[in-house]
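Chain naming here is simple, since letters A, B, ... match the order of the sequence lines and numbering starts at 1 in each. What you see is a predicted model; the values in this text were computed from it and never measured.
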There are 2 protein chains.
Amino acid sequence: MTRNPFQAPEVASRRGGPAKDPLSRELIVTTALTLLRREGSAGMSLRKVAAALDTGPASLYAYVENLQELQALVLDRALADVHTDAGHGQRWQRRITELLLSYREVLCATPGLAGIAMTTIAVGPNALRITETLLGHLDKGGLDRATAAWAVDLLTLYVTAVAAEHSQRDADTLGPVARAIGAVSAEEYPRIFAAREDILMGPGRVSWALDVLLKGIVQTPRGHRRRSAEHG
Amino acid sequence: MTRNPFQAPEVASRRGGPAKDPLSRELIVTTALTLLRREGSAGMSLRKVAAALDTGPASLYAYVENLQELQALVLDRALADVHTDAGHGQRWQRRITELLLSYREVLCATPGLAGIAMTTIAVGPNALRITETLLGHLDKGGLDRATAAWAVDLLTLYVTAVAAEHSQRDADTLGPVARAIGAVSAEEYPRIFAAREDILMGPGRVSWALDVLLKGIVQTPRGHRRRSAEHG
DNA sequence: ACCTGAACACCGTTCAAGT
DNA sequence: ACCTGAACACCGTTCAAGT
């Protein structure tokens, strides 16, 4: 009996008093996101959230099913910052690109959030708003519904993965990789050796990839052109 | 002073005797992969690997820097099963697709492996072999080196992400998602509502996505056509 | 010098005992 | 009925004490 956490009723806390705010799912999610922003994924444990709220870890289970649900709630809360209405008057491709770059920025702005997005299937109101907007743009572009649905999945999965990959790469990890690629033997891996400068890439990779995706999507329709509305 | 674990010299164990094999990085990696295959990511902890080898968790640190390095070694060991030579005589696009589907199959065959691939930057010999082969196919396709380098990144990142996403989706997670998408309000999210059947997609999604990527890549060159060999 | 048991500082989750 | 401290079953990593 799992319920949709975004539709679950608020549980009113019995604790009152002036000293500390009463617990609520709202407060727990806010506290968790604050800890995540401050200390990264290591900072957002149930125990640390509970400690920040001056209670024991067991108390949170009255408001949240488990850690996974808390992560889903925190993710959707963070996704509130994604701009879904930028680029008015631009071409639909440009609007999609701007939306996705905003999504990426939000994921990268909070350490550990991209990792959560990678392991959490987002179905909160903000994730739905993003999906709805992307479907709208693709519809404007003349794509049929089936293609648009898969396109949204492809686009968001790629951007999420890029953000997650990027968030892994700090100074500790980039160094060894650069050394490994730089040390590759020209005899054994001639093409990697020849392309090693290009592989240790720079900026512009994500924009290029989004161009690739959009061009490819337009040319790979899955069904028929949409005619007017529904058809059996 | 991090070293490349794939080039580090083997550390010979001092423990002998007939009762248990002497420890070695080889044996540790093999044991870890076996545990991962049997019990998933929860089964591959340093403590469980040590227990399976009849020793304490501290012993492994003579052969492996930390858990992350062990994961990288296990990943590359598993990638040995990826077929890089299938599809002789086929078009280069087909050969890339077959390679990537093999890569995906390997990631999905061992529970938790895709998650490791998502958080580990693969620079082991098998990862290099895969990259080298993909660069070769893209070169056959006439792509310049810079585009090919980014294309390899895009293709492998997408497939890795799909595998990681897929491995998250067991009966426990697919149910709630289907319910959430199915319960979406037609007024608030009309396009999601209209496309809900398409969103709860089926097979063929990855093949479609690879078509999209390959078509888009061919049409989005980053530099100039390659002429013969190197040029300053 | 090499190896490792025990300890340290954490986890998520459960449950019995409190109010 | 609600809340939560303590307990349970784990982690990765370190280190002092052994051989």
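A donor-acceptor contact shorter than 3.5 Å is absent between the side chain of R104(A) and the backbone of T160(A). In this structure, the side chain of S167(A) engages the main chain of A164(A) through a donor-acceptor pair within 3.5 Å. At distances below 3.5 Å, not a single donor-acceptor pair connects side-chain atoms of S102(A) with backbone N or O atoms of E98(A).
Taking atom CD on E69(B) and atom C1' on dG12(D), their separation rounds to 15 Å, with Å as the unit. One can place CE of M44(A) at 17 Å from P of dC10(C), the figure rounded to the nearest angstrom. One interatomic measurement links the two molecules: CG of D54(B) to C1' of dC3(C), which rounds to 15 Å at whole-angstrom precision.
With sequence neighbours left out, E132(B) forms a salt bridge (Lys or Arg N to Asp or Glu O under 4.0 Å) with no residue at all. Every residue was checked against the side-chain hydrogen bond (donor to acceptor under 3.5 Å, both in side chains) condition with T119(B), not counting sequence neighbours, and none meets it.
Among all heavy-atom pairs drawn from L100(A) and V159(A), the shortest one is O-CG1, 3.8 Å.
Taking only side-chain nitrogens and oxygens, S59(A) never comes nearer than 4.0 Å to OP1 or OP2 of dC3(D). One finds a side-chain N or O of K48(B) lying less than 4.0 angstrom from the OP1 or OP2 phosphate oxygen of dC11(D).
The side-chain hydrogen bond (donor to acceptor under 3.5 Å, both in side chains) contacts involving residues 186-201 of chain A comprise R191(A)-D139(B), where partners must be two or more places apart or lie in separate chains. The side-chain hydrogen bond (donor to acceptor under 3.5 Å, both in side chains) pairs that include a residue from residues 71-83 of chain A are E26(A)-R77(A), T30(A)-R77(A), D76(A)-N126(A), where partners are two or more places apart or lie in different chains.
Nucleotides dA9(C) and dA9(D) place their P atoms 22 Å apart, quoted to the nearest Å. For the C1' atoms, the distance from dA7(D) to dC11(C) is 14 Å, rounded to whole Å.
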_Secondary structure string for DNA chain C (Watson-Crick or G-U under 3.5 angstrom, | for other-strand pairs)_ = ||.|||||...|||||.||
_Sugar-phosphate or base contact per nucleotide [nucleotides 13-19 of chain C; S, B, -; heavy atom under 4.0 Å]_ = BBB----
